[in-house]
Number of protein chains: 2
Amino acid sequence: MSHMGYGCLMAVDRDHVLRSAAALLTRKSTATMDEVAKGAGISRATLHRHFAGRDALVRALEALGIAECESALEAARLDDGPASDAVRRLIAATESAAGLLAFLYTENQLFEGEEQHEGWTRIDDRISALFRRGQLSGEFRIDLTPAWLTEALFGLLASGVWMVQSGKGAPKDFPRMVVDLLLGGALRHPAPPHDPAPRDPAARDSAAQDPAAQDSA
Amino acid sequence: MSHMGYGCLMAVDRDHVLRSAAALLTRKSTATMDEVAKGAGISRATLHRHFAGRDALVRALEALGIAECESALEAARLDDGPASDAVRRLIAATESAAGLLAFLYTENQLFEGEEQHEGWTRIDDRISALFRRGQLSGEFRIDLTPAWLTEALFGLLASGVWMVQSGKGAPKDFPRMVVDLLLGGALRHPAPPHDPAPRDPAARDSAAQDPAAQDSA
DNA sequence: CCCATATGAGACATCTTCGTCTCACAATGG
DNA sequence: CCATTGTGAGACGAAGATGTCTCATATGGG
């Protein structure tokens with residue numbers, strides 16, 4: 001135990017194990033410690049030398065997820081330019097960590113009594129602030145709370161991940177799917193440059209967005 | 001503890017046990033068979049007399065979820081009127097089963113190899129058909145696949161359930177939150193970023209949601 | 001009154017996973 | 001060459017959940 005320079009090597013290994021565990025647990029959240037070890041190409045004993053137990057592993061994964069999320073927040077420069085563009089940048093920056101986030105998102109659902117990690121509230125606050133900024137600037141609708149928009153962002157991220165994993169969607173469409181639905185929704189109210197016949201204002205109810213909708217059945 | 005709180009009728013029917021298990025597992029997806037039994041007010045032995053094992057219980061819950069989902073599909077009359085209204089009816093009709101659906105939605109994620117229940121594909125097909133109908137009628141945008149819209153519908157349902165359960169949102173806002181985000185998205189105005197402002201400013205108000213909403217605190 | 005049925009309580013063995021431990025092997029450096 | 005270190009393999013017991021069983025009880029019908 002004299003001059004071991006094992007610090008660096010351990011860190012690299014540990015990170016690799018962490019990434020591997022994240023990838024595996026994203027696909028199978030009930031994977032065994034043995035499966036995690038095999039997945040990382042190490043033995044269960046070595047896995048235990050890195051992480052005291054399953055709990056410690058999950059916490060490390062949570063810390064990793066928080067770190068990646070915050071680095072995505074930095075990269076997205078949430079305070080620059082239009083809020084909608086910031087949301088686009090945020091989702092794009094989150095893409096590589098989306099699988100891990102999806103795992104942690106569902107994992108958090110079964111923390112019944114425990115309070116959630118303080119890092120998540122910080123992240124939630126920053127994203128909520130972004131949506132609030134967009135509301136104040138008039139970009140975002142004000143009848144949906146920033147908290148709900150934030151929750152929906154994570155929910156749609158998770159849905160997108162699962163959809164890609166199940167093969168029902170292409171990975172390349174992932175960011176666009178999430179962004180387009182979160183920002184624009186399903187309705188086709190994106191402005192068509194040509195407005196054939198402006199209806200009377202009473203049509204603002206449901207399908208009022210686009211008068212081009214008519215007979216279909 | 002005092003015995004049965006059900007008066008003279010000790011025959012606890014299977015359906016009551018299922019509902020109770022659904023409610024409990026929605027909150028704590030890792031609940032023990034013993035906890036499920038206690039939650040239903042019966043003993044573990046009786047629980048086992050109704051459902052051979054945990055697996056059978058989960059399958060019964062899945063069947064219940066599918067049944068409730070399909071009855072919601074019926075009640076929503078997906079083929080009547082504008083597709084967006086059908087989506088609204090569908091989400092409203094799904095509300096009472098949303099907790100169970102959220103549980104099953106995440107539960108399905110860890111069925112790694114197994115193929116999913118045939119009932120889910122039927123449901124997915126019907127909802128996808130609804131979105132496709134909306135696309136053909138011009139109500140819905142065509143750059144998001146019906147499959148993704150369907151997935152997002154379930155994802156937002158689950159997110160809404162969790163949000164309410166965590167106390168970050170009011171139950172009464174649940175259907176509106178899901179519907180408004182799924183259909184309309186976060187943007188207040190359809191104008192895409194590359195669309196400066198060619199339209200009459202008054203059009204903003206007509207397309208915007210009721211500005212008198214929000215606060216409600 | 002007596003019996004059949006359903007239930008609750010609990011014992012019991014089994015299974016899986018987990019955490020810890022030991023031991024042998026390979027690699028690396030002095 | 002030898003020592004230190006990290007690793008893999010595997011054994012071992014602990015803990016929890018599960019499935020099965022028995023037994024006592026109560027309820028209701030004949």
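Just so it is clear: chains get the letters A, B, ... in the order the sequence lines come, proteins before strands, and each one is counted from 1.
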Is the A:Trp162 to B:Tyr105 ring centre distance short of 6.0 Å? yes
B:Asp34 CG - C:dA11 P separation (whole Å): 13 Å
Whole-Å distance, B:Lys38 NZ to D:dT18 P, equals 14 Å
Whole angstrom value for the distance that separates P of C:dT7 from CG of B:Asp13: 10 Å
Contact class for B:Arg54 (heavy atom, under 4.0 Å): base, sugar-phosphate, or nothing? sugar-phosphate
In terms of heavy-atom contacts, does CG of A:Leu136 have more than 12 from other residues, nucleotides or ligands at under 6.0 Å? yes
Consider the side chain of A:Arg44, meaning its heavy atoms from C-beta on, and name the nucleotide among D:dA11, D:dG19, C:dG8 that approaches it most closely. D:dA11
Is any side-chain N of the basic residue among B:Glu70 and B:Arg122 closer than 4.0 Å to the acidic one's carboxylate O? yes
Distance in angstrom units between A:Asp55 CG and D:dA15 P, rounded: 17 Å
Rounded to whole Å, CG of B:Leu47 lies from P of C:dA9 at a distance of 14 Å
Counting only side-chain heavy atoms from C-beta out, which of D:dG8, D:dA9, C:dG8 sits nearest to B:Thr46? C:dG8
Quickly work out the B:Leu57 CG to D:dT18 P distance and round it to whole Å. 10 Å
In whole angstroms, how far is the C1' atom of C:dG8 from the NE2 atom of B:His48? 14 Å
Any side-chain heavy atom of A:Asp13 sitting closer than 4.5 Å to one from A:His50? yes
Taking for each residue the nucleotide of DNA chain C with the nearest heavy atom, is it A:Met33 or A:Ala45 whose nucleotide lies nearer the 5' end? A:Met33
Euclidean distance, atom CZ of residue B:Phe51 to atom P of D:dA17 [Å, nearest integer]: 20 Å
Any A:Thr32 side-chain nitrogen or oxygen under 4.0 Å from OP1 or OP2 of C:dT17: yes
Let's see if you can work this out: which of C:dG8, C:dC18, D:dG19 has an atom nearest to the side-chain heavy atoms of B:Ser43? C:dG8
Salt-bridge test for A:Arg89 and A:Asp85: reply yes if a basic N is under 4.0 Å from a carboxylate O, no otherwise. no
Side chain of B:Arg49 (C-beta onward), nearest among D:dG8, C:dG19, C:dG8: C:dG8
